[in-house]
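Remarks on the structure that follows.
We number each residue from 1, following the sequence as shown.
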Amino acid sequence: MLTVPFAGAPIFTRTRALRPTSKVLPEHARSHNRALVLQTLYTAGAQSRADVARETGLTRVTVSDLVAELIVEGLVAELGQREDARPGKPATLIDIARGAFQIVGIDLSEHEVFRGAVMNLDGRIVARAELARDGATGEAAYALVDALVAQLLAAATITVLGIGVGSPGVVDPVGVVRSAPNLGWSDLPLQARLTGATSLPVHVANDANVAVLAEHGATDLDDVLLIKIGHGVGAGLIVGGRPVIGGGFAAGEIGHVVVGTDGGPRCACGRDGCLEAWISAPRLTAQLAELDGTDAAGASAREEILREAGRRLGIVLAPVVGALNLSEVVLSGPAELLDGVFHEAAVDTLRKRTMAEINRDLRLRMSEQAQDIVLRGAAVMVLSGQLGVS
């Protein structure tokens with residue numbers, strides 16, 4: 001098996017922009033400039049060495065040296081000569097070795113199943129797998145993850161660059177799940193255990209933090225707040241092109257913020273009125289299932305449940321939007337719950353609770369990446385951790 005050199009610490013351990021864009025000081029130059037060359041090729045596609053030098057601002061000698069190293073490592077490939085009508089010897093095109101690697105992504109955020117996929121370096125899914133969770137927690141839940149990873153590795157057809165995992169709960173920079181109550185995990189060294197089982201690079205982060213990487217890649221916005229509503233509720237935040245995780249690795253843990261002072265439903269954490277108790281997918285689904293939706297009264301009750309849930313989300317988001325002056329907030333979760341009355345109530349509440357003249361362009365929208373958002377974000381996390389690109 002080809003060994004892929006490790007390009008640096010995982011994406012969430014560094015307070016850096018997601019994409020390198022310029023050369024840096026000599027003491028950091030080589031690793032940064034490697035990533036800069038790879039990022040340029042990843043984004044622009046096939047280029048000549050001279051093209052890469054112009055794009056990056058690096059000298060041609062430096063680019064040639066780095067490209068030679070990357071070719072030996074199997075990360076860059078020569079594609080042949082460019083068809084060029086200009087005089088002189090045609091330039092040789094180079095690109096990321098896109099056909100040499102695949103990535104395994106795992107999404108543990110859903111209530112009923114654990115999902116996974118094998119993807120190419122451009123994020124296209126080439127194989128899928130899922131395992132029913134059946135309420136598994138603790139070691140039983142980890143055993144399912146281990147089995148899902150093994151199934152996906154067996155489905156991979158070429159060298160696997162790495163494994164990315166989006167897990168609910170608080171996850172530290174070395175992939176220890178500090179706390180994931182819904183899975184019964186506390187201080188589980190998920191990254192280390194999967195690395196030991198597979199002998200591959202593994203990157204683990206909170207599922208909302210992983211999802212926002214996919215959304216950032218799709219929109220290229222410098223500031224993105226993504227609200228992930230599934231088994232629990234969390235937020236992923238990128239500000240100025242940099243992921244925000246907080247000093248205790250719990251930035252975005254909005255699910256256990258108590259909404260208002262009027263009590264509310266009992267939460268799994270033991271308190272009343274947490275946002276998760278109001279709007280998590282299992283909670284809303286259970287409430288709606290109790291209604292008779294065949295008559296006008298049932299339809300009205302359904303709308304009221306979703307409207308109140310959306311209003312509670314708007315209450316929590318308003319100070320965040322105001323403090324960061326965000327122009328766009330993205331929702332990710334079951335469209336049948338979030339799109340419509342829920343969405344309208346959240347937008348209305350946000351507008352009423354923030355300054356209109358500052359936030360007149362504020363937009364709350366559904367993500368277009370549906371249930372694959374965590375899987376695609378996991379691929380971004382591996383690309384950044386292993387190659388320094390996104």
Side-chain angles (χ1 to χ4, degrees), residues 1-8 11 17-24 29-105 117-127 152-153 155-164 200-201 213-214 216-218 220 375-376 378-390:
M1 177 180 290
L2 175 64
T3 300
V4 179
F6 186 61
I11 193 168
L18 290 173
R19 297 185 178 96
T21 57
S22 61
K23 56 186 179 182
V24 293
R30 190 154 192 87
S31 62
H32 178 91
N33 290 340
R34 274 173 56 100
L36 187 57
V37 169
L38 288 167
Q39 180 69 59
T40 300
L41 293 172
Y42 184 78
T43 304
Q47 304 274 294
S48 70
R49 289 167 175 80
D51 293 333
V52 174
R54 281 191 295 270
E55 184 70 22
T56 61
L58 300 171
T59 68
R60 293 194 181 194
V61 172
T62 298
V63 169
S64 293
D65 181 43
L66 290 170
V67 168
E69 178 182 289
L70 292 167
I71 288 174
V72 170
E73 293 173 5
L75 300 178
V76 168
E78 290 188 330
L79 304 181
Q81 292 183 335
R82 171 188 283 156
E83 294 183 8
D84 201 332
R86 291 174 295 184
K89 182 180 178 181
T92 299
L93 296 176
I94 56 172
D95 195 6
I96 294 272
R98 298 175 193 268
F101 301 101
Q102 291 174 336
I103 293 170
V104 168
V118 179
M119 292 164 279
N120 66 15
L121 295 194
D122 294 318
R124 184 175 63 84
I125 293 175
V126 297
L152 289 163
L153 289 178
T157 56
I158 51 179
T159 299
V160 173
L161 182 67
I163 300 168
L200 288 168
L213 297 177
H216 177 267
D220 210 24
L375 298 177
R376 297 191 190 283
V380 175
M381 188 164 55
V382 171
L383 283 168
S384 178
Q386 296 309 116
L387 303 183
V389 307
S390 63

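- Residues forming a side chain to side chain contact (heavy atoms under 4.5 Å, CB included) with Ala378 (at least two apart in sequence, or on another chain): Val210.
- Each of Ile163, Val160, Val104 was compared with Leu152 under the side-chain contact (heavy atoms from CB on, under 4.5 Å) criterion, and only Val104 meets it.
- Between Ile103 and Leu121, some side-chain heavy-atom pair lies under the 4.5 Å cut-off.
- For the atom pair OG1 (Thr56) and NE2 (His32), the distance works out to 9.5 Å, reported to the nearest 0.5 Å.
- Inter-residue side-chain proximity for Leu36 and Leu66 is flagged as unmet; no heavy-atom pair is nearer than 4.5 Å.
- Considering only residues two or more places apart in sequence or on other chains, Ala127 meets the side chain to side chain contact (heavy atoms under 4.5 Å, CB included) condition with Val118, Ala155.
- The side-chain hydrogen bond (donor to acceptor under 3.5 Å, both in side chains) check on Arg60 picks up nothing, with sequence neighbours excluded.
- Applying the side-chain hydrogen bond (donor to acceptor under 3.5 Å, both in side chains) test to Ser64 and every residue at least two apart in sequence or in another chain returns nothing.
- Of all heavy-atom pairs between Ala100 and Ile158, the closest is C-CD1, 3.5 Å.
- Here the options are Leu41, Ile94, Asp65, Leu75, the test is side-chain contact (heavy atoms from CB on, under 4.5 Å), and the partner is Leu70; only Leu75 passes.
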* Asked: For Leu383 and Tyr42, what are the C-alpha separation, side-chain angles and deciding distance, and is it a side chain to side chain contact (heavy atoms under 4.5 Å, CB included)?
  -> CA-CA 10 Å; Leu383 283 168; Tyr42 184 78; 3.4 Å; yes
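- Scanning all heavy atoms of the two residues, the minimum distance from Pro90 to Arg82 falls at CB-O, 3.3 Å.
- In plain terms, the two heavy atoms of Ala35 and Gly388 that are nearest each other are CB-O, 3.7 Å.
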* Might you work through the side chain to side chain contact (heavy atoms under 4.5 Å, CB included) test for Val52 and Val67, ending with a clear yes or no? => CA-CA 10 Å; Val52 174; Val67 168; 5.8 Å; no
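- Annotation: salt bridge (charged side-chain N to carboxylate O under 4.0 Å, His left out) contacts involving residues 35-50, sequence neighbours excluded, comprise Arg49-Glu78.
- Partners of Asn120 according to the side-chain hydrogen bond (donor to acceptor under 3.5 Å, both in side chains) rule, which considers only residues two or more places apart in sequence or in another chain, do not exist here.
- From Thr40, atom OG1 reaches atom CZ of Arg54 across 12.5 Å, with rounding to the nearest 0.5 Å.
- Residues satisfying the side chain to side chain contact (heavy atoms under 4.5 Å, CB included) criterion with Leu79, sequence neighbours excluded, are Ala46, Leu93, Asp95.
- Panel note: side chain Asp51, backbone Ser48; a donor-acceptor pair is recorded below 3.5 Å.
- Expressed to the nearest 0.5 Å, how far CD of Gln386 lies from CG of Leu38 amounts to 12.0 Å.
- For the atom pair CG of Leu375 and CE of Met119, the computed distance is 5.5 Å after rounding to the nearest 0.5 Å.
- How far CG of Leu387 is from CD1 of Ile96: 6.0 Å, rounded to the nearest 0.5 Å.
- Partners of Glu69 under the salt bridge (Lys or Arg N to Asp or Glu O under 4.0 Å) rule, at least two apart in sequence or in another chain, are Arg30, Arg34.
- Side-chain contact between Leu153 and Leu200: present, with at least one pair of heavy atoms (C-beta onward) separated by less than 4.5 Å.
- For Arg124, there are no salt bridge (Lys or Arg N to Asp or Glu O under 4.0 Å) partners two or more places apart in sequence or in a different chain.
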